[in-house]
Amino acid sequence: MATGSGSLMWFRKGLRIHDNPALERASGASSFLYPVFVIDPRYMAPDRRAFSPGSSLAGLNRIRFLLESLSDLDSSLRKLGSRLLVLKGDPGEVLVRCLKEWNINKLCFEYDTEPYYQSLDEKLKSFASSAGIETFSPVSHTLFNPADIIEKNGGRPPLSYQSFVKLAGKPLWESSTLNLSISSLPPIGDVGSMEISEVPTIIELGYSDSELVDETPFRGGESEALKRLKEFLPNKAWVANFEKPKGDPSAFDKPDTTVLSPYLKFGCLSSGYFYQCLNDVYRDVKKHTQPPVSLLGQLLWRDFFYTVAFGTPNFDRMKGNRICKQIPWDERDELLAAWREARTGYPWIDAIMVQLKKWGWMHHLARHCVACFLTRGDLFVHWEKGRDVFERLLIDSDWAINNGNWLWLSCSSFFYQYNRIYSPISFGKKYDPNGNYIRHFLPVLKDMPKEYIYEPWTAPLSVQTKAKCIIGRDYPKTVVGHDSASKECRRKMGEAYALNQRLNGSVSEQDLKNLRRKLEEDRTEEDEELDGFLVKSVVDTHRILRSGACSSISAHRDSLF
DNA sequence: TAGAAGTTGAACCG
DNA sequence: CGGTTCAACTTCTA
């Protein structure tokens with residue numbers, strides 16, 4: 001056995017130097033330090049069957065963000081006399097090989113609550129322990145340890161934000177000094193026969209230039225995160241008065257939030273450090289907003305979802321998920337595809353989906369609009385389908401938070417007022433009456449007059465011609481009429497809720513099947529009524545036309561759906 | 001068991 | 001632009 005002691009620091013999230021207890025422990029009292037990142041082909045390598053450029057798990061924007069974060073980490077490590085050792089393969093297998101090959105007696109990595117790492121880390125820990133290697137795996141991704149909160153609550157996670165906040169209280173480290181820098185790191189030991197590479201480029205991962213079209217404006221990395229943080233912190237009034245629901249989802253040149261979510265997701269920014277920075281500002285001002293709407297409240301939301309996700313089996317599914325209402329969502333792939341590909345015919349919805357595809361980031365309220373539209377608001381498509389699209393394309397997609405929000409927005413859990421539906425027309429209009437956001441992300445509509453930009457199908461043909469955008473040719477017709485579709489959704493949600501209540505939550509697949517059939521039968525009857533309405537409506541239109549009271553029948557298109 | 005509360009609805013009114 | 005109404009869900013609390 002070689003002399004001295006070697007530590008292996010395994011980076012997964014937590015891609016930072018500041019406030020990184022695992023890295024600190026790994027570098028202390030060690031002769032050698034091996035800072036490792038494992039490129040998992042499943043997460044990084046191209047999967048050309050996927051619906052957009054990227055791997056089977058991540059869109060290209062997030063992969064790029066990750067690579068930038070790794071490069072930044074590597075360059076910070078080099079300044080400290082070390083570097084990032086990049087390896088390729090299945091992370092579990094690669095790590096075991098490293099532990100066998102190198103003279104390691106201490107393995108450090110940040111604790112992770114996601115099911116993927118829970119099972120992987122368990123295996124790795126047991127290998128390490130059998131090999132006499134010490135492991136250190138601190139909770140440093142979140143403010144609180146989810147397990148502590150669950151224990152305080154008698155073994156089950158709190159299911160409301162308020163009860164979470166009450167249970168959580170203040171973090172133990174609130175007024176302690178976080179370690180924000182490291183002066184130097186131990187040298188890298190002999191890497192033996194392990195194949196080490198530099199941080200790869202996108203091209204080196206196997207992507208082609210033609211796939212690199214939609215590039216997010218947000219650059220990854222710890223340096224970038226701290227720069228962003230330091231740009232807005234001096235604006236104390238903005239920090240103190242931040243109220244999440246008052247943000248403007250249509251602001252894109254200067255987003256109305258911090259856009260720190262992708263940095264928190266990868267741990268380029270420590271949530272604990274961010275928490276302390278916010279408290280420093282709060283101390284300096286007379287008054288400030290409070291959770292849930294304040295900036296600090298946003299960090300608590302993050303911890304809330306991490307806690308519930310950690311303590312809820314099958315959190316990412318409807319079936320077998322005890323906090324999820326069982327709802328007979330439709331299987332209509334053509335509606336899902338229209339939503340995903342930004343061709344629902346509702347410019348507000350489609351513009352948001354384009355921003356998702358191009359930027360990998362949208363304002364929180366914009367996410368609400370498209371999530372509500374896909375599920376309980378209009379299309380009645382399963383929230384898991386929308387979750388998959390977000391999970392792939394968002395640069396900040398985070399297992400706990402993404403699933404939590406889809407449960408929320410689809411009224412499957414946490415939030416139950418299914419009658420409150422975002423209008424795909426009026427919601428965006430109240431922030432951005434001119435439709436600048438739509439014009440930017442859907443240039444095909446850039447010359448549409450503002451009177452029609454949220455409902456271009458109501459524009460007279462002459463206006464469409466002048467705007468060089470004929471609806472049905474240059475921009476799609478609406479896939480559903482919002483008035484009738486949302487009414488239908490309310491009815492289905494009402495029936496589904498009644499079923500869940502009647503069966504006290506234990507709804508079987510057969511129960512859902514029966515409800516589906518019942519809903520279908522009722523719809524048939526309603527369709528007949530609707531047909532009657534249609535005839536009347538056509539007659540009305542005809543009468544209006546003859547009387548010359550209305551110059552455009554296209555305004556009636558929505559009701560004629 | 002009743003009443004209040006819940007991160008951010010829409011339409012309407014003044 | 002802020003308040004009220006509409007129609008109404010579940011969960012928490014007293």
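Both backbone and side-chain heavy atoms feed into the values below; hydrogens, waters and symmetry mates do not. Given the structure is predicted, the values throughout are model-derived calculations rather than measurements. Chain naming here is simple, since letters A, B, ... match the order of the sequence lines and numbering starts at 1 in each.
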*For C:dA8 and B:dT1, measure between their P atoms and round to the nearest Å.*
24 Å
*What dot-bracket string describes DNA chain B from 5' to 3', counting Watson-Crick and G-U wobble pairs whose defining distances are under 3.5 Å, with [ ] for crossing pairs and | for pairs to another strand?*
||||||..||||||
*Report the distance from atom CD1 of A:Ile401 to atom C1' of B:dT7, rounded to the nearest whole Å.*
14 Å
_Gap in Å between the two P atoms, one belonging to C:dA7 and one to B:dA2, rounded_ = 23 Å
*Nearest whole angstrom, please: distance from the P of B:dG6 to the OH of A:Tyr161.*
12 Å
*A:Lys492 and A:Asp330: salt bridge (Lys or Arg N to Asp or Glu O under 4.0 Å), yes or no, with the steps?*
CA-CA 11 Å; A:Lys492 288 177 179 168; A:Asp330 290 338; 3.2 Å; yes
*Check DNA chain C against residues 403-420 of chain A and give the residues with a non-hydrogen atom under 4.0 Å, in numerical order.*
A:Tyr416, A:Gln417, A:Tyr418, A:Asn419
*Are A:Glu488 and A:Arg491 close enough for a salt bridge, meaning some N to O gap below 4.0 Å?*
yes
*Value in whole Å for how far the C1' atom of C:dT13 lies from CG of A:Leu167*: 15 Å
*In whole angstrom, what separates A:Asn241's CG from B:dT7's C1'?*
17 Å
*Taking only residues two or more places apart in sequence, or in another chain, which ones meet A:Arg502 in a side chain to side chain donor-acceptor pair (under 3.5 Å)?*
none
*Would you say A:Ser426 reaches B:dG9's phosphate, i.e. side-chain N/O to OP1/OP2 under 4.0 Å?*
no
*From A:Lys265, A:Glu391, A:Arg62, residue fulfilling side-chain hydrogen bond (donor to acceptor under 3.5 Å, both in side chains) relative to A:Ser397*: A:Arg62
*Check whether any side-chain heavy atom of A:Met318 sits under 4.5 Å from a side-chain heavy atom of A:Leu512, and report yes or no.*
yes
*Tell me which nucleotide among C:dC12, C:dC9, B:dA10 gets nearest to the side chain of A:Ser423.*
B:dA10
*Counting side-chain heavy atoms from C-beta on, which of B:dA10, C:dT10, B:dT7 comes nearest to A:Lys325?*
C:dT10
*A:Arg490 has an atom CZ; how far is it from atom P of C:dC6, in whole Å?*
16 Å
*Trace of the salt bridge (Lys or Arg N to Asp or Glu O under 4.0 Å) decision for A:Glu455 with A:Lys429*: CA-CA 10 Å; A:Glu455 304 164 90; A:Lys429 205 186 273 182; 3.6 Å; yes
*Counting only heavy atoms not in A:Glu509, do more than 12 fall under 6.0 Å of its CD?*
no
*Can you tell me how far the NZ atom of A:Lys246 sits from the CG atom of A:Asp256, to the nearest 0.5 Å?*
12.0 Å
*Side-chain (A:Arg340) to main-chain (A:Gly386) donor-acceptor, under 3.5 angstrom*: no
*In whole Å, what is the span from the NZ atom of A:Lys487 to the P atom of B:dA11?*
15 Å
*asked:* What is the separation between atom CD on A:Gln162 and atom P on C:dT13, rounded to the nearest whole Å?
replied: 10 Å
_Nearest-Å distance for atom pair CD/C1', residues A:Glu243 and C:dC1_ = 15 Å
_Looking at A:Lys430, I'd like to know whether one of its side-chain N or O atoms comes within less than 4.0 Å of OP1 or OP2 on B:dC12._
no
*Is atom NZ of A:Lys287 surrounded by more than 12 heavy atoms (other residues, nucleotides or ligands) closer than 6.0 Å?*
no
_Which nucleotide wins on minimum distance to the side chain of A:Lys244, given the candidates B:dG9, C:dT10, B:dT7?_
B:dT7
